[in-house]
Amino acid sequence: MNPKDIFPSFFKSIEKRDLASIKKFLPVSGPLAVVLSDGTVIDEAEDFIEFFEDWFDDDDWTLKHKVAHVEETSEMAYGVVECEYSGKDDAGVDYTVTLFTTAIIRKVDDKWQIVHFQQTEGFED
C-alpha cells in the first residue's frame with residue numbers, strides 16, 4: 001500500500017471502529033508520538049491502541065474524513081486530514097467539531113507505520 005492510500009484507509013478504519021485494521025498501521029509496541037485535540041499526549045503504541053478500544057466502546061459518535069494533502073518520500077510521508085466529528089457531550093447534547101489531523105508515516109521493514117499523529121480542533125471565525 002502506498003502513502004496516498006494509507007491515510008484514507010486508516011481514517012476509514014476509525015470511522016468503522018475496526019480495531020484490527022487500525023493496528024495494521026501502528027507499530028506493534030514501543031514509542032509513538034500522539035497529541036490529541038484536548039492536549040492529551042500518548043507516547044506508546046500500546047496506549048494508543050487502548051485509547052481506540054475505550055473510544056470504540058462509546059457508540060454515540062460518527063466521523064467523516066477528507067484527505068487534504070499528502071507529501072511523500074521513499075521512506076517517510078505525511079498527510080493532513082480534515083475530519084468532521086459528531087457526538088454527544090456529557091449532558092447528551094449533540095455537537096459537531098472539525099478536527100485537522102497531521103500524521104507522519106515511516107517505512108519500517110517495508111511496512112508503512114504511523115509514527116506521529118497530531119490533532120488540532122478547527123475554530124470558526
Assigning hydrophobic clusters by single linkage (Ile, Leu, Val, Met, Phe, Trp, Tyr; side-chain heavy-atom cutoff under 4.5 Å), is [X] placed with [Y]?
X      : Y      : result
Phe100 : Ile114 : no
Trp112 : Ile104 : no
Leu19  : Leu36  : yes
Ile42  : Val35  : no
Tyr85  : Phe7   : yes

To check you understand the geometry: which heavy-atom pair defines the closest contact between [X] and [Y], and what is its length?
X      : Y      : value
Ile49  : Lys23  : CG2-CE, 3.6 Å
Glu44  : Pro31  : OE1-N, 3.9 Å
Leu99  : Glu121 : CD2-CA, 4.0 Å
Gln113 : Val108 : OE1-CG2, 3.8 Å
Ser21  : Ser13  : CB-OG, 3.2 Å
Val67  : Val70  : CG1-CG2, 3.6 Å

Report the distance from atom [atom1] of [X] to atom [atom2] of [Y], rounding to the nearest 0.5 Å.
X      : Y      : atom1 : atom2 : result
Asp38  : Gln119 : CG    : CD    : 8.5 Å
Glu84  : Thr98  : CD    : OG1   : 6.0 Å
His69  : Tyr78  : NE2   : OH    : 3.5 Å
Ile14  : His65  : CD1   : NE2   : 9.0 Å
His116 : Ile105 : NE2   : CD1   : 13.0 Å
Asp5   : Lys12  : CG    : NZ    : 14.0 Å

Assign the ring pair [X] / [Y] to parallel, tilted or perpendicular, where the plane angle (0 to 90°) is split at 30° and 60°.
X      : Y     : answer
Phe25  : Phe10 : perpendicular
Phe51  : Phe48 : parallel
Phe117 : Phe11 : parallel

Point to revise | salt bridge (Lys or Arg N to Asp or Glu O under 4.0 Å) against Asp109, all qualifying residues, sequence neighbours excluded | key: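 If we apply the salt bridge (Lys or Arg N to Asp or Glu O under 4.0 Å) test to Asp109, skipping adjacent residues, there are no hits.
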Review point. Take atom NZ in Lys66; do more than 12 heavy atoms of anything else shown fall under 6.0 Å from it?
Key: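 For Lys66, atom NZ is not crowded (no more than 12 foreign heavy atoms under 6.0 Å).
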Review point. CZ of Arg106: more than 12 outside heavy atoms within 6.0 angstrom?
Key: no
Check your understanding: Judged by atom type as modelled, is there a donor-acceptor pair below 3.5 Å linking the side chain of Lys107 to the main-chain atoms of Thr73?
Key ->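 Pair absent, no side-chain N/O of Lys107 close to backbone of Thr73.
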**Study point:** Intermediate values then yes/no, side-chain contact (heavy atoms from CB on, under 4.5 Å), Trp61 and Leu63
**Key:** CA-CA 7 Å; Trp61 61 270; Leu63 184 76; 3.8 Å; yes
